[in-house]
2 protein chains.
Amino acid sequence: MSASSCLTIKFPERDQERIIPALKVLGEPNRLRILCGLGLECRPVTDIINATGLGQTNVSFHLRVLREAGFVRAERRGPFIYYCLADSELLRILHDLTSWLDARQTAVTSDAEQRARPAKRNSAAPRTREVT
Amino acid sequence: MSASSCLTIKFPERDQERIIPALKVLGEPNRLRILCGLGLECRPVTDIINATGLGQTNVSFHLRVLREAGFVRAERRGPFIYYCLADSELLRILHDLTSWLDARQTAVTSDAEQRARPAKRNSAAPRTREVT
DNA sequence: CTATAATATAAGTGAGGATTTATATGAGTG
DNA sequence: CACTCATATAAATCCTCACTTATATTATAG
């Protein structure tokens, strides 16, 4: 199934428009650090502030964005508010992406080695082939 | 394996720092539209320009970012340059994310319906529980 | 009740990056 | 070769949003 869905993947505009806001949320470095830093734990805001070194209001702002995106949820416990992932599936997907980046990096490295080899280059045909 | 890795997922800073630039690339709406619009096909730049309605130079700029990120590759064919995904795995991951968003939307919708119900609200206890 | 701590929200600012305008580069044709 | 088309690159401009400062809100302790 996974293989067949991979082969037939299309990305209709409907799906694009759905994923765009999510990736905008995830595309901000500090926001992503906050999100990934949570891992599978519930953490008070003070923890997040200390862990990231960001300002309190900045953290609060980012948490709000994450919360409104539905990526994290918040629970008040006395004077503290604890934040955790709304669904660990998101972390799994991000982990997939990391793994893919790693694997690709490995592939690219070995690919680059092959490229480094053609010192005896046919100057016309393969050069115009691949734009880098 | 997938289940166990889900339960034990941690996101060390090393991984965070790896994924951040990738998500920055993917976090720009038009860039994502370009990427997803490619699907599994190789397309000339003119196609992309027409499909997205963006300016030529803007498209060119975004393609360069995608190319340098390693997400797409380019092949010159005569006067045209065709762009396609470097690896369909990325599309699969994005598709996973979309599916997750959809599934969560369904869950959120039914959750929101339950929330819409407490018109007879106990004003203290459940309100201070969950921060929205 | 007052004071303090934790956190959120509002408003202002400036930097990063998307987009535009101008121009350069590469490929093809006559 | 000159010209045209496709695309990339450089520089300038614009726009979005992250971050900061100021303040408000909520919870707790004495």
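A, B, ... follow the sequence lines: proteins, then strands. Residue 1 opens every chain.
Summarising the geometry, the separation between CD on A:Q56 and P on D:dA24 is reported as 15 Å, rounded to the nearest angstrom. Atom CZ in B:R31 sits roughly 9 Å away from atom P in C:dG17 (whole-Å rounding). The nearest whole Å value for the distance from the NZ atom in A:K24 to the P atom in D:dC17 is 4 Å. Separating the CZ atom of B:F80 from the P atom of C:dT29 is a distance of 10 Å, rounded to the nearest angstrom. B:E28 places its CD atom 19 Å from the P atom of D:dC14, with the value rounded to the nearest Å. Between the CZ atom of B:R76 and the P atom of D:dC5 there is a distance of 16 Å, rounded to whole Å. If you take CZ of A:R64 and C1' of D:dC19, they are 15 Å apart, rounded to a whole angstrom. Distance B:I81 CD1 to D:dT7 P: 6 Å, rounded to the nearest Å.
In this structure, B:Y83 and B:L38 approach most closely via the heavy-atom pair O-CD2, 3.5 Å. Considering every non-hydrogen atom in both B:L101 and A:I19, the closest pair reads CD1-CA, 4.1 Å. Of all non-hydrogen atoms in A:E28 and A:N30, the two that sit nearest each other are OE1-N, 3.0 Å.
Checking C:dA18, D:dT7, C:dA8 against every side-chain atom of B:V45, the shortest atom distance belongs to D:dT7. Comparing atom distances between the A:Y83 side chain and each of D:dT20, D:dA8, C:dA8 picks out C:dA8 as nearest.
For A:H62, a side-chain nitrogen or oxygen approaches OP1 or OP2 of D:dC19 to under 4.0 Å. Contact annotation: A:R67 side-chain N/O to C:dT7 OP1/OP2 distance is not under 4.0 Å.
Hydrophobic clustering of Ile, Leu, Val, Met, Phe, Trp and Tyr side chains at less than 4.5 Å, counting indirect connections, keeps B:F61 apart from B:Y82.
If you find the closest nucleotide of DNA chain D to A:N30 and to B:I49, the one lying nearer the 5' end belongs to B:I49.
Ring orientation note: the planes of B:F71 and A:W100 are tilted relative to one another, at an angle of 30° to 60°.
Note on B:T57: a base of the nucleic acid sits closer than 4.0 angstrom, heavy atoms only.
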